[in-house]
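Note that the numbering runs from 1 along the sequence shown for the chain. Below, each value reflects all heavy atoms present in this structure, side chains not excepted, and no hydrogens, waters or symmetry copies.
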Amino acid sequence: MEANQRTGKCKSEFMALQDSLEILGGKWKLLIVHYLAQRTAEENTFKNMQRGIPGISAKMLSKELKDLELNLMVSKEQPGLKTSTASYSITTYGKKVMPVTDVLINWGLQHRLMIKENG
């Protein structure tokens, strides 16, 4: 592969990674997606999610859900006017990120063991 082709491929890969981090980056988005993916048979109201995701504030959950909904990762069904009665679910498109979360979970478990053994 020529240098120009490698540079173009590298730039394209960096842009794709940057896009992925823009959509899924931060402290909460992958946790929210994972939470919803693990609870497809449950009613995932805003209040249930806030209770089920330790440490997340209502303001942050609201912001992150809006971002995930905008990026087609999460869908919202709101029968009433109150946000707390809305129900959220992971979309088919959102489920495509689950292999990424699985790899991150496995790496995190191994990392914790490594630190525990070497610390």
Side-chain angles (χ1 to χ4, degrees):
M1 187 182 291
E2 291 182 29
N4 285 342
Q5 287 176 320
R6 279 194 308 270
T7 301
K9 183 179 180 200
C10 185
K11 184 176 180 181
S12 175
E13 288 174 352
F14 278 131
M15 289 172 60
L17 184 56
Q18 190 172 29
D19 289 344
S20 299
L21 291 173
E22 181 73 27
I23 294 165
L24 298 169
K27 184 176 180 179
W28 300 108
K29 287 181 182 151
L30 283 175
L31 293 172
I32 293 167
V33 169
H34 181 72
Y35 177 94
L36 291 171
Q38 299 301 311
R39 290 162 180 82
T40 56
E42 297 176 24
E43 184 178 14
N44 296 302
T45 64
F46 186 89
K47 290 290 183 189
N48 288 345
M49 292 178 67
Q50 189 179 3
R51 275 180 276 205
I53 302 172
I56 195 165
S57 69
K59 183 178 178 180
M60 184 56 71
L61 179 58
S62 178
K63 177 198 172 300
E64 299 294 52
L65 283 168
K66 285 176 188 170
D67 287 349
L68 289 167
E69 190 178 2
L70 181 68
N71 284 292
L72 309 176
M73 305 294 289
V74 167
S75 64
K76 176 182 177 181
E77 187 177 313
Q78 190 167 358
L81 296 176
K82 293 173 66 175
T83 305
S84 61
T85 61
S87 183
Y88 296 87
S89 59
I90 189 168
T91 63
T92 301
Y93 182 64
K95 289 178 184 176
K96 290 185 178 191
V97 80
M98 295 320 298
V100 174
T101 61
D102 292 342
V103 168
L104 288 170
I105 288 167
N106 288 329
W107 182 86
L109 291 169
Q110 291 172 6
H111 178 71
R112 283 180 179 265
L113 285 174
M114 175 79 75
I115 296 301
K116 187 176 181 179
E117 290 171 0
N118 294 304

Interatomic distance, Met98 atom CE to Ile90 atom CD1 [nearest 0.5 angstrom]: 5.5 Å
- request: Please list all pairs passing the salt bridge (charged side-chain N to carboxylate O under 4.0 Å, His left out) test where one or both residues lie in residues 104-113, with sequence neighbours left out.
  value: none
Atom CD of Glu42 with >12 non-hydrogen neighbours under 6.0 angstrom: yes
message: Test question: given the 4.5 Å side-chain rule for I, L, V, M, F, W and Y, name all other residues clustered with Leu109, or answer none.
response: Ile105
- request: Output every pair passing side chain to side chain donor-acceptor pair (under 3.5 Å) with a member in residues 30-40, not counting sequence neighbours, ordered by first then second residue.
  value: none
task: Please list all pairs passing the salt bridge (charged side-chain N to carboxylate O under 4.0 Å, His left out) test where one or both residues lie in residues 18-27, with sequence neighbours left out.
output: none
message: Using the side chain to side chain contact (heavy atoms under 4.5 Å, CB included) criterion, which residues pair with Leu65? Sequence neighbours excluded.
response: Ile32, Phe46, Met49, Leu61, Val74, Tyr88
message: Listing request: all side chain to side chain donor-acceptor pair (under 3.5 Å) pairs with a residue in residues 50-60, at least two apart in sequence or in separate chains.
response: Asn48-Arg51
field: Point-to-point distance, once rounded to the nearest 0.5 Å, from OG of Ser87 to CD of Glu77
entry: 6.5 Å
statement: Those residues at least two apart in sequence (or on a different chain) that pass side chain to side chain contact (heavy atoms under 4.5 Å, CB included) with Asn71 are Ile23, Met73
statement: side chain to side chain contact (heavy atoms under 4.5 Å, CB included) filter on Leu30, not counting sequence neighbours, yields Leu24, Val97, Thr101, Leu104
query: So, do Met15 and Lys11 sit near enough that their side-chain heavy atoms are less than 4.5 Å apart?
result: yes
- request: Apply side chain to side chain contact (heavy atoms under 4.5 Å, CB included) to Lys63 and list each qualifying residue two or more places apart in sequence or on a separate chain.
  value: Met60, Asp67
- request: Return yes if a side-chain donor-acceptor contact under 3.5 Å exists between Ser75 and Thr91, otherwise no.
  value: no
field: Side-chain cluster (under 4.5 Å, hydrophobic types only) that Leu17 belongs to, other residues
entry: Leu21
- prompt: Okay, side chain of Ser20, backbone of Ala16: is any donor-acceptor separation there less than 3.5 Å?
  reply: yes
field: Partner set under salt bridge (charged side-chain N to carboxylate O under 4.0 Å, His left out) for Glu117, not counting sequence neighbours
entry: none
- prompt: Other hydrophobic cluster members with Leu70, side-chain heavy atoms of Ile/Leu/Val/Met/Phe/Trp/Tyr under 4.5 Å, chained?
  reply: none
